[in-house]
Amino acid sequence: MQLRIDLHSTGFEPLVVLTRWQDEQQHRSNVQSAAEAFFIGRVRGVAADGRELEALELEHYPGMTELQLERLALDCCNRHGVISCLVQHRIGRVLPGEAIVLVAIGADRRGPAQRCCQELLEALKHHAPFWKREWRADGSSEWLSGNTPL
Amino acid sequence: MVSVVFMAEPCAGEIRILLFAGLCEQAGWAEQQWPANPNDDARLTPRQLWLKLQLPGDLDQAVRVSINRQFADADTPLQPGDELAFLPPISGG
């Protein structure tokens, strides 16, 4: 199973990263994916309380976040028997519209690819140590205490 | 892009305690070293340290514990040199 995980402290273009990852897969792997599923999450322009959002700040636990992402990805990918997995996540200050997360899964069939992608996304949202703080246009801010509904 | 960032290792004979995000702001500190005697029969647990440090809120309701960067039970005995973190509610992705 091919696994790649990166944290980005500056903006990344998910489709550019995805294309590069697909190219690498074709050159490296003997087993080609017949099905790929991916998810791109972007920052909303509206805060949880409905006010305009200036930016989202993402804190993480250096060392543990990377290890936990790897544990979650390996567990999920092994259970679904997929071929490859890419996880890209932002840290630091992220602006509305910017990508915050990219999860991509390569598999032999669409079922495992889609299920693994969704499960891994939910797992990292709830079990990888990241914390979001919303910065509003008036300069106020608030740490979020949970995730948005599915 | 950041692949892996390692924090400083805890000092031998001490427990390194870390707080994050809103919990860090509420407590007013991000990191402390707590002396730990390896000869003590009754080793400290995260729950005991939470109370000794008078950290805000209910440990069982809203906070998860990690020891040496793995989730752990709040009643796990700590060892000298451990890195203990109290993690407020996670919101990734």
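A quick note: this is a predicted structure, and the numbers were derived from the prediction, not measured. All chains are named by letter (A, B, ...) in the order of the sequence lines, taking the proteins before the strands, and each is independently numbered beginning at 1.
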Report task. Ignoring hydrogens and angles, tell me if any N or O in the side chain of K132(A) forms a donor-acceptor pair with the backbone of G93(B) under 3.5 Å. Result -> yes

Query raised in the report: How many angstroms lie between OG in S91(B) and CZ in R133(A), if you round to the nearest 0.5 Å?
Result: 12.0 Å

Query raised in the report: For chain B, which residues from residues 45-53 of chain A have at least one heavy atom closer than 4.5 Å to it?
Result: none

Requested in this report: Give, as side chain, backbone, both or neither, the part of E25(B) having an atom under 4.5 angstrom from any heavy atom of chain A.
Outcome: side chain

Query raised in the report: What's the spacing between I90(B) CD1 and H126(A) NE2 if we round to 0.5 Å?
Result: 9.5 Å

Report summary line: Between the CE atom in M64(A) and the OG atom in S66(B), the distance rounded to the nearest 0.5 Å is 4.5 Å

Query raised in the report: Is the side chain of W131(A) donor-acceptor paired with the backbone N or O of P88(B) at a distance under 3.5 Å, no angle test?
Result: yes

Report summary line: Listed by number, the residues in residues 101-124 of chain A that come under 4.5 Å of chain B (heavy atom to heavy atom) are V101(A), L124(A)

Query raised in the report: Is R69(B) salt-bridged to E66(A), going by a charged N under 4.0 Å from an acidic O?
Result: no

Query - CH2 on W143(A) to CZ on F20(B), rounded to 0.5 Å - result: 10.5 Å

**Report entry** Inter-residue atom distance L19(B).CG - Y61(A).OH, 0.5 Å rounding
**Finding:** 10.5 Å

Query raised in the report: Between atom CG of N68(B) and atom CG of L67(A), what is the distance when rounded to the nearest 0.5 Å?
Result: 11.0 Å

